[in-house]
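Below, chain A is the first sequence line, B the second, and so on; all start at residue 1.
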Amino acid sequence: MDAILLWPGQPVLSLVVLWLASALALWVAREPMRELFERLGKHLEESLDAAGRWCKAAAEELRKRSRSALLAAGGLELQSKLEKQFQRIDQGFSERLGQYSGLHRQLTDLLANLEGDYQKSGDSPPDVPGWAGAVESIAGIPSSDDPNVKKILEGVKRSLDEAQKKALDTYRKDTAERHRILERMRPLWKDARGLLEGMSEAVSRALETTTRVNGYIDDYGRVRNDDRAAARALTFSAAKLFAVSLLVLGVALGGAFVNFQLIALPMSELVPAGARLGGVPVATISALVIVLMEVAVGVFVMDLLGFTELFPRLAHVSAGRRRLLLGVALGGLFFLAAVESSLAVLREMIVEADAALKHALAGQEGTIAAATTSRIPVVGQAVLGFVLPWIVAMVAIPLEMLLDSSRHVFAWLAALLASGAGSLAFVLARVARGLASVLPSLYDAYVSVPLRIERALKRGREEASAREEGAKPGRRARTKLELGEETGS
Amino acid sequence: MRRTALLALAASLALSCAEGRRYDQAVCVLVDVSGTYADQKADVVRLLKRDVLPALVPGDSLLVIRIDGQSYEKANVETLLTLDARPSQANAQKLALAKQLDAFAAADSIAKHTDIRGAIMLGAEYLKELGSGSRVMLIFSDLEEDLPRGMSRELAPTELEGVEVMAVNVKRLSHDGRDPDVFRRRLTAWQERAAASSARGWRTVQDETRLAEVLAEVRES
């Protein structure tokens, strides 16, 4: 502060003189400065306006590209879904149609059996024609005392009784036979009902599939027609996929970290423990490599199983080779899991040995005996060491989801950022315009003293000249006339 | 030709990726067994077992030298051991070493004179030969040198090059209690000697429980 004072002993005077000198200097440069403010404001406003427009255009372009990429991706996905559905329908129909002839034959046989049985159940032995009427007529002859007649009538009665008894027996037999046939029909009816239910289920499944296919075709149509709603739905779907895959990937990374911690220590038994690479122990790097190998094998397995498509060339491999590769990959994964499991057991042994050594060196040999009796930690670590590689191997699925959805999400974010930057540039352009209009007034306020003096001098000069004009009437009249013309115009 | 160029490129990449720096550590322990410090021997061994041995990792070396009236002799090397690269083997070695240290503590040999510089020279030679990534010399003594008549000991200007010297558990003598300046001057004199011999550093460790931490710090620095 003292450096700018002209007279350090008199700061107020120094500041007043400085202010006056600066005000005078700025008053002298007032016109060019005002022009500078105006031009600067205008340039800034125009530049920021242009930048804002460019940002908005870039955001729009990004949005368009993102939308078309999203729609293309959505279209491809729907196409793939449709293909899968058609394949299923094709397989289903071939299978069902193949089965249909057998089913039909089965049903026809069943119905024929049922009909036959039904017929049989309705059959009964015919009565002898006129036999009953004859017997009734004879039975109606009044009894006489003639022993021959009596004998005949008794014989007829006996015959009638026997015939009735026989008829009753026959009726009972027939009824029992009908019941037996009807009893035999029950499982046939059940079979028929089961077959019809199966057919009904197959039909409803086919209807369900066709409804799903209809939905996909509708979606596909909307995507093909560049529908905004479809694009919005796809954007939301991509964002949701991104969030979910990020979460799952985070969890999988946590699993990988636990896995890594399980094998990092025992790896020092397998590789030179003291060696380092880039400051990191080789044992740690080896453990990391094993975990990464599990992830790599997992990616292959998931690709070969058809869950992911990270390596498109694998999709074109023939089924036989695919099975072979899958077997090799699964074998490798099993081997790694077994190695990890044994390393986990080794880890526990090393930890126990270290603890025992420390206690022995400190002269407390008996204190850890109780802690080492439980085998639960060893078993737990072995199981964890075996299971974790399989879980880590599944990281390929969320990884692919993340890769697929991230480009859409990042494009959307970039468009949002560009749009935000554009809006900010517009706001700054307005601020620049405002400043360009405010700064001259502030400038004038700072140089107000010399400005007022200038204006007072100018006014005095004008008044003096006006007085001079008043002394010359002709000239004054002309001036008034001129003034009147100017006012009129 | 092309294959050779590719091989050369791969070899150069592998070499550039390989770690140039060594992280193994050699610890040389000088234990005073002369009259004024002989009573500390058991404590020193306990401290070595409790704090120094567990801090050693596979590949590290430990050298224990006895300070007596004639320290610059091979017979003064109580133990010299480089730990195996496998942790399980290294643990077994540590246990065996602990037994040797116990035997050393049990031996009741008290020296009449104190040849500290002789032990330093012997230790420095061993450390140089081991060529570990970091070299540390721990001196367990009262730092009161008492050479026999006619003995000459002079540290070379590069005697302790690259060696971090630490005075641990320095015992205060009776006259130190009367005038602490005597003790402080003695420490300063040793610090100057270490600096004159191009030692990497000199420090006195009062809290022995921090030894493992200090050793790890030297290893990483």
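Using the six-membered ring where Trp is involved, A:Phe311 and A:Phe300 have ring planes that are parallel, under 30° apart on the 30 and 60° scheme.
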*asked:* For B:Gln25 and B:Ser132: C-alpha separation, side-chain torsions, deciding distance, then whether side-chain hydrogen bond (donor to acceptor under 3.5 Å, both in side chains) applies.
replied: CA-CA 5 Å; B:Gln25 191 170 54; B:Ser132 300; over 6 Å; no

Open item on the list: Could you walk me through whether B:Asp43 and B:Arg46 satisfy the salt bridge (Lys or Arg N to Asp or Glu O under 4.0 Å) test, starting with their C-alpha distance in whole Å, then the side-chain angles of each, then the deciding distance to 0.1 Å, before giving a yes or no?
Closed with: CA-CA 5 Å; B:Asp43 278 348; B:Arg46 189 176 50 79; 3.6 Å; yes

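Residues B:Asp60 and B:Tyr23 bring no donor and acceptor atom of their side chains to less than 3.5 Å of each other.
Residue contact with chain A, scored on non-hydrogen atoms closer than 4.5 Å, is absent for B:Asp24.
The candidate with the highest count of non-hydrogen atom pairs below 4.5 Å against chain B, out of A:Ala283, A:Ser268, A:Ala353, is A:Ser268. Looking only at heavy-atom pairs under 4.5 Å with chain A, the residue among B:Gly59, B:Pro87, B:Ala92 that has the most is B:Pro87.
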